[in-house]
Student: 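Below is a structure I'd like to ask you about.
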Amino acid sequence: GSLSPLAHGGNAPDNGSENGSVASGTKSTSSTGSDYDPSKRFRKLHRLMNSQSSQAINSRMRMHIRLVVYAIVVAHAAFFAVMISFLQKQEVAIIDLNDSIHLFDATSYTALSVRVFDMILKGFSRDYVYSVADHDTYYNLLDSNTLVLMENIDTINVQSIVKHPDLFVGFNFMFFPIWINTYFNGSDMFTNLSSYDMGSLLVAYGREVLQEHDVWLDAGIFISNRTEFQYIINNFYMFQNLYLGSAVQLVGAASRSTNAVNQLHVIFLVVEGCVISTGAVLYITFLLQTFVEQRYHLYEVFLNIPLSLTKSIASRTMHLLDDDESSDNDSLDMDFADADAGNKDGREKGGGGGNRNQNSRRDSEKAAAKAARAAKVQATAEAKRNALGISKKEMEDNIILNKSRSVFAYFNYLSLMISRFWHDALVKVGLRRVVETKHSFNGDRKLKRDSNTTVALSWPIISWALLIISIYTIGFILVRNSKQPLANQTIINFTVSRLINSVVYAQEICINGPAGVSTYLPLLESVYKDLRDLYYTVLLGSSAYIVTGPGTEQFALVTGASTTDASSIDRLLFGTDACLRVNQSDCPGPDWKFYQGTRLGINVMMVRYLREMSNLIYEATTTPSYLNMSNEHLEYFFSVGMQDLVGGFTQLSTVHMKTLTNPFFVVKILHIVSLVFACIGSITYVYYLIGPLMTRIKKETHRIAELLSQLPKELDVISVVATVLNHQETKISNNKRVGSMRERDA
């Protein structure tokens, strides 16, 4: 392929119309001096442009951008680790809270199943209540719930040692009078137990019922006659009330974890999203601006060349550019080798064309002499263009397509270079000045500063800053909005245990009849009020007292209604037409008398349930003789309350729990995505944006040196370039001067 003029040494043929190697302003391009001057000039120009001092801005930009980008990734990874740690703590706090609520459910199921198991062993059977066929069902219910109760008691106790020391002290070192047995005379025996010991006895006695009920039955003793049974029925409700304080503390702990995550989002939003990201954007923009400004000044060298000479070099063919540009990567080493060979050959033949004075002189005589030479060069260029048959208009409009392959190749190159390295390398920075040098030939021309490289390379960092700000802002909003669902989740979880409690005491008052009114009516009224206050708080939030009246139970942190947390909650409460039982195969058909009422949502069933409970209390107060196991209210309590309502509240708890945890899951995913984006983005930015840019700049300086080396020897191009580079060097170090650089490069 074709080689650069520097590759021809002193033997380049004088054939300007074919290979474009004619040097404007000389009489014979075949002479050794003609080839010696461009090759020596190219070597000096290239070494000048690529010297360590000239490349200081480029090196600093490349190194500092890498450091800034990597620092951003490391900082974000540290923030990510802290954020994930806090989110996991929040998740654990919610799980602890949920487990504490399961303790209440397990306690209620234990009390209910032990009584039903006793009644089944006595042979009691009633349609839509329970029968002997339900023996295994309630046996398994007692078995599973005593184990769940023990697991939750131990878990809460162990975790409270580290997480909630006050709670641990309350569980183990605060004692309460607990019914423990009956004296021989029939009076009740009490003893002081901690809440932890009280719960452990509930489990122990429940397990004994499972193991010994057959032995007792063979001995003619029913479960209800045993101390184990009496302890469970008399103490389970008190045990729940003692542990209610632990649930409140766990709600507070979960709320504090939520606040911590929110505060962390705010802190990271300020530190990483605003301070670090904004600082990185400004500093990288400054580095790119400094780098771009140097390139602007380097291209302004062409403005310091007479316009006629600029057109003259445009009419000449450069062999390197006439062929495939892919050889650019390898051409630099070849040019240096050929330049050395050409210099040696030139010295052997004639000494290299004389000694020119490279130092600028600022007197008017020197300027006049250069102006005269410029006019002569312009005239020579016009003559050569005419010899090629190229009109001035065609040259200026750049429409030469078929006159000469070499001329077209150069114009193609020149257009590519202008668009790529002017418009694609810099940004409009508001600077409208030309480097004033003492070697300027045409100070009236201006370089148009309209490139977008700084903007293009700053946008990835700006986008990162916007992404981080958006993620922390979204995370803050999501977590902040989860505080109310967190409080509502607690009261929704309480609905099942309080519903079962009401069934337990309704059954007890019916079994014991008028004799048990004095004992169980106050308990029934208490659990009825608990359930009523709780349910209307689920519906209305802190405004429940408007319906339930003064003395309504207040729940920690609850303000808004649960129905506002998610639309799916509203559908379960008011809009569903499906069977809500946990086991759908147990759903009765249309012949069941409560069928229509159980297909209208939880609210309709709950209003009816509260009405049935209120009627039972009224009967116990006014007509105790109605209290027996044939009572009409018991059928609704067991067939609808224990099946449809328990199933509905279980679904409500599950759906609401998903609503509560979804924001934390989304926030975690957002932070994981941001970390992955930071790692991939940093590698892409450094190696696929900055790396190719620096490679392109290296090629660019090589090409500029080739272009400038083709100018007539009368033009002091090296001094102009040195002055431009010195203009940038003085911004880096006042101790570096162009004169010493020339002496070093010579």
Side-chain angles (χ1 to χ4, degrees), residues 64-97 159 162-165 249-286 458-489 556-557 559-560 565 659-683 685:
H64 284 206
I65 285 181
R66 286 183 177 180
L67 290 176
V68 169
V69 171
Y70 294 153
I72 289 175
V73 176
V74 171
H76 183 69
F79 293 147
F80 170 83
V82 175
M83 181 61 71
I84 294 298
S85 174
F86 272 72
L87 287 172
Q88 288 177 340
K89 289 180 180 179
Q90 170 66 15
E91 184 179 352
V92 170
I94 293 176
I95 292 174
D96 290 345
L97 176 60
Q159 290 181 349
V162 177
K163 297 180 181 178
H164 313 287
Q249 290 195 35
L250 291 173
V251 171
S255 179
R256 288 190 295 272
S257 297
T258 302
N259 291 334
V261 173
N262 247 348
Q263 291 172 1
L264 206 62
H265 274 107
V266 174
I267 293 172
F268 288 175
L269 173 63
V270 174
V271 175
E272 184 181 8
C274 296
V275 177
I276 295 179
S277 298
T278 302
V281 169
L282 293 176
Y283 187 60
I284 288 179
T285 302
F286 167 75
S458 297
W459 261 114
I461 308 300
I462 296 174
S463 300
W464 167 253
L466 295 176
L467 175 66
I468 289 301
I469 292 173
S470 300
I471 286 176
Y472 285 132
T473 302
I474 293 172
F476 174 80
I477 294 173
L478 290 176
V479 175
R480 182 190 63 182
N481 292 339
S482 68
K483 292 177 66 175
Q484 182 55 49
L486 174 62
N488 286 336
Q489 181 66 32
L557 305 177
T559 55
D565 295 338
T659 301
L660 171 62
T661 56
N662 269 346
F664 297 100
F665 176 76
V666 171
V667 170
K668 187 180 293 187
I669 292 298
L670 286 175
H671 286 296
I672 293 174
V673 169
S674 69
L675 180 64
V676 174
F677 184 84
C679 296
I680 297 177
S682 62
I683 295 174
Y685 186 79

Student: To the nearest 0.5 Å, what is the distance between CZ (Phe80) and OG (Ser85)?
Tutor: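 The OG atom of Ser85 is 11.0 Å from CZ of Phe80, to the nearest 0.5 Å.
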
Student: Please report the shortest heavy-atom distance between Ala93 and Ala254, naming the atom on each side.
Tutor: CB-CA, 3.8 Å

Student: Could you grab the distance from atom CG of Leu269 to atom OG of Ser470, nearest 0.5 Å is fine?
Tutor: 9.5 Å

Student: Under 6.0 Å between ring centres: does that hold for His265 and Phe79?
Tutor: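 Judged by ring-centre distance (under 6.0 Å), His265 and Phe79 do not meet the cut-off.
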
Student: More than 12 heavy atoms of other residues, nucleotides or ligands under 6.0 Å from CZ of Phe665: yes or no?
Tutor: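 Not buried by this count: 12 neighbours or fewer within 6.0 Å.
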
Student: Can you tell me how far OH of Tyr283 sits from NE2 of His64, rounded to the nearest 0.5 angstrom?
Tutor: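 Answer for the NE2-OH pair, His64 versus Tyr283, is 4.5 Å.
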
Student: Report yes or no: does Ser463 contribute a side-chain atom to a donor-acceptor pair with the main-chain N or O of Trp459 at less than 3.5 Å?
Tutor: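 Yes; judged by distance alone, with no hydrogens or angles, the pair exists.
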
Student: Give, for atom OG of Ser277 and atom CD1 of Ile468, the distance between the pair rounded to the nearest 0.5 Å.
Tutor: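 So the gap between those two atoms works out to 6.0 Å.
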
Student: Could you tell me whether the side chain of Phe664 reaches within less than 4.5 Å of the side chain of Gln88, counting heavy atoms only?
Tutor: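 SC-SC contact between Gln88 and Phe664 ruled out.
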
Student: Over all heavy atoms of both residues, which pair between Pro663 and Leu478 is shortest? Give the atoms and the distance, please.
Tutor: CB-O, 3.8 Å

Student: CG of Leu486 to CG of Asn481: how many Å apart, nearest 0.5 Å?
Tutor: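 Output value for this atom pair is 13.0 Å.
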
Student: What is the minimum heavy-atom distance between Ala487 and Ala556, and which atoms define it?
Tutor: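 For Ala487 versus Ala556, the nearest heavy atoms are CB-O, 3.9 Å.
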
Student: Does the Lys NZ or Arg CZ of Lys89 fall within the cation-pi geometry relative to Phe86 - under 6.0 Å from the ring centre and within 45° of the axis?
Tutor: yes

Student: Just do the side chain to side chain contact (heavy atoms under 4.5 Å, CB included) check on Phe677 and Ile471 with the steps written out, would you?
Tutor: CA-CA 12 Å; Phe677 184 84; Ile471 286 176; over 6 Å; no

Student: With respect to Lys483, which candidate in Asn262, Thr559, Asn488, Asn259 satisfies the side chain to side chain donor-acceptor pair (under 3.5 Å) definition?
Tutor: Asn259

Student: Go through Arg66 and Tyr685 one step at a time and tell me if the side chain to side chain contact (heavy atoms under 4.5 Å, CB included) criterion holds.
Tutor: CA-CA 9 Å; Arg66 286 183 177 180; Tyr685 186 79; over 6 Å; no

Student: To the closest 0.5 Å, what do you measure between CG (Leu282) and OG (Ser458)?
Tutor: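 Answer rounded to 0.5 Å: 9.5 Å.
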
Student: Which atom pair, heavy atoms only, marks the closest approach of Lys668 to Glu91?
Tutor: NZ-OE1, 3.4 Å

Student: Does the side chain to side chain contact (heavy atoms under 4.5 Å, CB included) test come out yes or no for Leu250 and His164, once each step is laid out?
Tutor: CA-CA 9 Å; Leu250 291 173; His164 313 287; 3.5 Å; yes

Student: Identify the heavy atoms of His671 and His76 that sit nearest to each other, and give their distance.
Tutor: O-NE2, 4.4 Å

Student: Exactly one of Val667, Ile474, Leu264 should register a side-chain contact (heavy atoms from CB on, under 4.5 Å) with Val479. Which one does?
Tutor: Val667

Student: If you look at every heavy atom in Val162 and Pro165, which pair is closest and at what distance?
Tutor: O-CD, 4.0 Å

Student: For the pair Ser682 (side chain) and Cys679 (backbone), establish whether a donor and an acceptor sit closer than 3.5 Å, ignoring hydrogens and angles.
Tutor: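 Checking the backbone N and O of Cys679 against the side chain of Ser682, a donor-acceptor pair under 3.5 Å is found.
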
Student: Hey, mind stepping through Ile94 and Gln489 against side chain to side chain contact (heavy atoms under 4.5 Å, CB included) and telling me if it holds?
Tutor: CA-CA 10 Å; Ile94 293 176; Gln489 181 66 32; over 6 Å; no

